[in-house]
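Scroll down for the structure; my scribbles are underneath it.
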Amino acid sequence: MKTGFLRFMKERQQVNCFMLFSIIAVVICVLMRVFYTFPFSYPDTGSYVLSAVTGSFNVYRPMGYSNYLRFLHCISDSIYFIFYVNYVLLFLSEMFLVFSVKYLAKINNTAVFILFGLLLLTNARLVFACNLLMSDGIFSIMSIVSFTLLLWLVYKPSYFIALVSMILMVLMCRVRYSGLFFIPVTALVYFLSFKEKNKYIHLLFTLLPLLTGVYIYSSTKQDFKNNTHVDSFSGFGGWQSINNASVLLPEAKQIPLSKFKSQQLKSLHSFIQSCPDDMFQDKYAMSTNYMWNNDLPYKIYNRYLLDHSSRDYQTQWAASGKLFGEYSKVLIKEYPFRYASKYVLPSIVSNFKFKAFEENSIDFENEPMYQQYYGLTEDKYTQSCKFFEIIEPIRKILQICLWIIMLASSVLFLLTTKKGALKDKTYILKLSMLLTLLVVLGGQSLSSPNTTWRYTLPLFAPMISFICCECDRLLGALRIKNGAE
């Protein structure tokens with residue numbers, strides 16, 4: 001990786017492209033700072049910042065992003081510093097990806113390569129995420145770097161890169177639980193990358209991501225238990241699971257009480273049976289309303305449990321999440337095919353739907369912790385620039401076009417696969433891109449319906465990389481054919 005890639009980066013064409021991309025990035029950064037004078041926020045922003053300020057355990061989300069905010073605060077207490085660091089890291093990760101793909105996949109068409117870089121640099125969602133006080137910005141950056149490292153492993157298996165990739169995967173899971181989706185992706189890439197090593201090394205590296213996943217799960221669960229006294233990986237997961245399984249209600253009311261092992265589950269099921277049928281609608285599940293709406297069954301039952309326990313709200317929320325998770329497993333086990341048709345398939349489809357930037361219209365309400373930590377003085381911060389709202393029609397058209405091109409490229413890739421293709425590094429490279437996209441898409445669909453543009457951010461890098469490689473291959477083949485004629 002060292003000498004060959006560094007020589008490649010010193011070539012005039014790469015230097016010129018890097019300079020072009022750098023100028024564009026600087027312009028975007030300046031425009032963002034001029035027209036968006038304050039970061040975007042979301043209701044969850046407060047819990048992240050509170051954990052950063054106090055160091056207290058975040059029951060709702062992983063602690064990684066709060067620790068990241070604390071680290072940045074040690075360097076500068078300016079809230080604007082977060083955007084600058086995020087954007088620099090995003091630019092570096094994008095450059096690492098685009099030049100790595102060009103080098104590894106041997107992209108020859110300059111126009112395709114420049115378009116590849118521009119699509120990444122000007123991607124509104126990635127830029128928006130960098131200025132959003134949520135974990136999505138840094139998680140997207142880490143996912144791009146992780147994906148690029150996996151491509152390098154395909155090119156040349158390296159124990160060092162494998163180690164860095166494993167460490168990064170652990171950090172990703174500390175920032176967002178959706179980092180777990182990269183575990184099967186990494187295992188698949190390791191399986192393809194180390195197949196030429198002896199069988200013991202091949203087996204070891206194939207199992208390494210899975211063993212790392214076991215470590216992440218057990219350590220996170222133990223940490224959660226130590227802080228909440230609830231034996232669960234995440235209270236959030238249980239709430240999400242019961243939300244998804246609610247597509248089985250009210251039909252699942254007919255499940256007999258004998259199917260539920262504990263008295264707690266039986267009591268919950270009796271409560272569900274007593275709820276009016278119109279409280280259970282698919283639209284509530286596909287919008288995750290069951291997790292947040294105080295007038296729907298699970299929040300009502302959580303309040304009931306809170307009133308009859310000595311726990312504080314956060315701990316009870318976590319305990320309820322564990323109970324709801326166990327309850328949803330029974331429902332899904334009883335109606336697996338119905339669950340697949342009513343939740344899994346619609347959830348997959350939801351990932352292709354356009355989602356607007358809602359955070360652009362949310363006012364930032366100042367609180368004492370923001371005043372203390374970042375020195376904010378205004379009572380309220382409102383975004384006056386509407387650029388991201390104006391470009392939504394363009395984003396929508398571009399999203400449709402990219403998915404159509406992605407589908408066509410995938411079909412072309414599969415139809416032109418030749419016997420013995422797994423011996424070709426370039427083929428395995430593109431196969432890894434496609435597998436990353438499919439596995440992350442599948443994991444996201446199984447865990448939650450797509451209710452926001454933020455959830456599909458990790459799909460963009462593998463998608464655009466695959467499209468770039470296939471377009472370059474097709475144009476190269478056409479050029480050769482035209483030359484022969």
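In this structure, S347 contributes its side chain and V344 its backbone to no donor-acceptor pair below 3.5 Å. Looking at R303, its side chain does come within 3.5 Å of a backbone N or O of N294 through a donor-acceptor pair. Between the side chain of N131 and the backbone N or O of F83, no donor-acceptor pair lies under 3.5 Å. Here the side chain of K342 pairs a donor or acceptor atom with the backbone of V247 at under 3.5 angstrom. Judged by distance alone, with hydrogens and angles left aside, the side-chain atoms of S409 form no donor-acceptor pair with the main-chain N or O of I467 at under 3.5 Å. For T416 (side chain) and L412 (main-chain N/O), a donor-acceptor pair under 3.5 Å exists by modelled atom type. Side-chain atoms of S262 come within 3.5 Å of backbone atoms of L265 as a donor-acceptor pair (strictly under, hydrogens ignored). A donor-acceptor contact shorter than 3.5 Å is absent between the side chain of S241 and the backbone of G238. Using modelled atom types, one side-chain atom of S158 and one backbone atom of I161 make a donor-acceptor pair closer than 3.5 Å. Panel note: side chain H269, backbone K259; no donor-acceptor pair is recorded below 3.5 Å.
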Problem - Verdict with reasoning, E94 to L126, per side chain to side chain contact (heavy atoms under 4.5 Å, CB included) - result: CA-CA 10 Å; E94 289 173 336; L126 289 171; 3.6 Å; yes

Exercise for the section: Kindly indicate, with the supporting measurements, whether the criterion salt bridge (Lys or Arg N to Asp or Glu O under 4.0 Å) is fulfilled by D136 and R125. Expected result: CA-CA 10 Å; D136 304 275; R125 294 190 302 158; over 6 Å; no

Exercise for the section: Tell me, with the steps shown, if W317 and V59 meet side chain to side chain contact (heavy atoms under 4.5 Å, CB included). Expected result: CA-CA 9 Å; W317 184 89; V59 175; 3.9 Å; yes

Practice task
Starting from the C-alpha separation in whole Å, work towards a yes-or-no answer on ring pair (Phe, Tyr, Trp, His ring centres under 6.0 Å) for Y68 and F71.
Solution key: CA-CA 5 Å; Y68 174 67; F71 172 74; 7.3 Å; no

Exercise for the section: Before giving the answer on ring pair (Phe, Tyr, Trp, His ring centres under 6.0 Å), spell out for F260 and Y327 the whole-Å C-alpha distance, their side-chain angles and the decisive distance to 0.1 Å. Expected result: CA-CA 8 Å; F260 300 92; Y327 181 75; 5.3 Å; yes

Practice task
Under the side chain to side chain contact (heavy atoms under 4.5 Å, CB included) rule, what do M63 and S51 come out as? Steps first, then yes or no, please.
Solution key: CA-CA 8 Å; M63 285 292 293; S51 292; 4.0 Å; yes

Exercise for the section: Check the pair T417 / Y427 against side chain to side chain donor-acceptor pair (under 3.5 Å), numbers first and verdict last. Expected result: CA-CA 8 Å; T417 298; Y427 179 85; 3.2 Å; yes

Handout entry: Residues H202, F191; criterion ring pair (Phe, Tyr, Trp, His ring centres under 6.0 Å); working and verdict
Key = CA-CA 7 Å; H202 185 209; F191 174 79; 4.9 Å; yes

Practice task
Apply side chain to side chain contact (heavy atoms under 4.5 Å, CB included) to F413 and K430, showing your working.
Solution key: CA-CA 9 Å; F413 174 72; K430 290 188 281 190; 3.8 Å; yes

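Side-chain contact of R61 with S66: a donor-acceptor pair under 3.5 Å is absent, judged by distance alone. The closest side-chain donor-acceptor pair between S328 and N244, if any, does not fall under 3.5 angstrom. Residues Q444 and N351 have side chains that never bring a donor and an acceptor to within less than 3.5 angstrom of each other. Side-chain contact check for R174 and T220: at least one donor-acceptor pair (N or O, by modelled atom type) lies under 3.5 Å. S320 and Q316 are linked by a side-chain donor-acceptor pair at a separation below 3.5 angstrom, with hydrogens and angles left out of the test. With hydrogens and angles left out, the side-chain atoms of S100 and W152 include a donor and acceptor closer than 3.5 Å.
Residue-environment remark: NZ (K386) exceeds the threshold of 12 foreign heavy atoms within 6.0 Å. More than 12 heavy atoms of other shown residues, nucleotides or ligands fall within 6.0 angstrom of atom OH in Y313. Other residues, nucleotides and ligands contribute more than 12 heavy atoms inside 6.0 Å of the CD atom of E365. Around CD of E334, the count of heavy atoms belonging to other residues, nucleotides or ligands within 6.0 Å exceeds 12. In this structure, F271 places its CZ atom where more than 12 heavy-atom neighbours from other residues, nucleotides or ligands lie under 6.0 Å away.
Listed here is the closest heavy atom pair of S165 and T186: OG-CG2, 4.3 Å. Of all non-hydrogen atoms in Y48 and P62, the two that sit nearest each other are CE2-O, 4.1 Å. Looking at every heavy atom in both residues, K197 comes nearest to P157 through CE-CB, 4.2 Å. Taking every heavy atom of both residues into account, I362 and Y42 meet most closely at CD1-CD1, 4.0 Å. Shortest non-hydrogen contact noted between M291 and N243 is CG-CB, 3.8 Å. Across all their heavy atoms, A187 and L210 have their closest contact at CB-CD2, 4.1 Å.
Tested against Y217 for a ring-ring contact (aromatic ring centres under 6.0 Å, His included), the candidates F233, Y177, F224 yield a single pass: F233. Between Y36 and the options F387, F388, F357, Y381, a ring-ring contact (aromatic ring centres under 6.0 Å, His included) holds for only F388.
Distance check, rounded to the nearest 0.5 Å: CG of L151 to CE of M433 gives 5.0 Å. The line from CG of N226 to NZ of K221 is 12.5 Å long, rounded to the nearest 0.5 Å. Taking CG of N58 as the reference point, atom OH of Y65 lies at 12.5 Å (rounded to 0.5 Å). To the nearest 0.5 Å, atoms OG1 (T212) and CE (M169) are separated by 4.5 Å. The line from NZ of K396 to CD1 of I391 is 14.5 Å long, rounded to the nearest 0.5 Å. Y298 contributes atom OH, which lies 4.5 Å from atom CD1 of I272 (distance to the nearest 0.5 angstrom).
Under 4.0 Å is where a charged nitrogen must lie from a carboxylate oxygen, and between E326 and K329 no such pair does.
Between F128 and F40, the ring-plane angle classifies as parallel under the 30° and 60° cut-offs. Relative ring orientation between F205 and F194 is described as parallel, the plane-to-plane angle staying below 30° on a 0-90° scale split at 30° and 60°.
Taking 4.5 Å as the limit, every side-chain heavy atom of F139 sits out of range of all side-chain heavy atoms of R454. P449 places a side-chain heavy atom less than 4.5 Å from the side chain of Q240. Between E470 and I405, the closest side-chain pair of non-hydrogen atoms is not below 4.5 Å. Between V185 and F147, every side-chain heavy-atom pair lies at or beyond the 4.5 Å cut-off. Here the side chains of S246 and Y284 are not in contact, with every heavy-atom distance at 4.5 Å or above. Counting only heavy atoms from C-beta outward, the side chains of P458 and F181 never approach each other to under 4.5 Å. A 4.5 Å side-chain heavy-atom check between F364 and L133 finds at least one atom pair inside the cut-off.
Aromatic rings from Y339 and Y335 are positioned such that their centres are separated by 6.0 Å or more.
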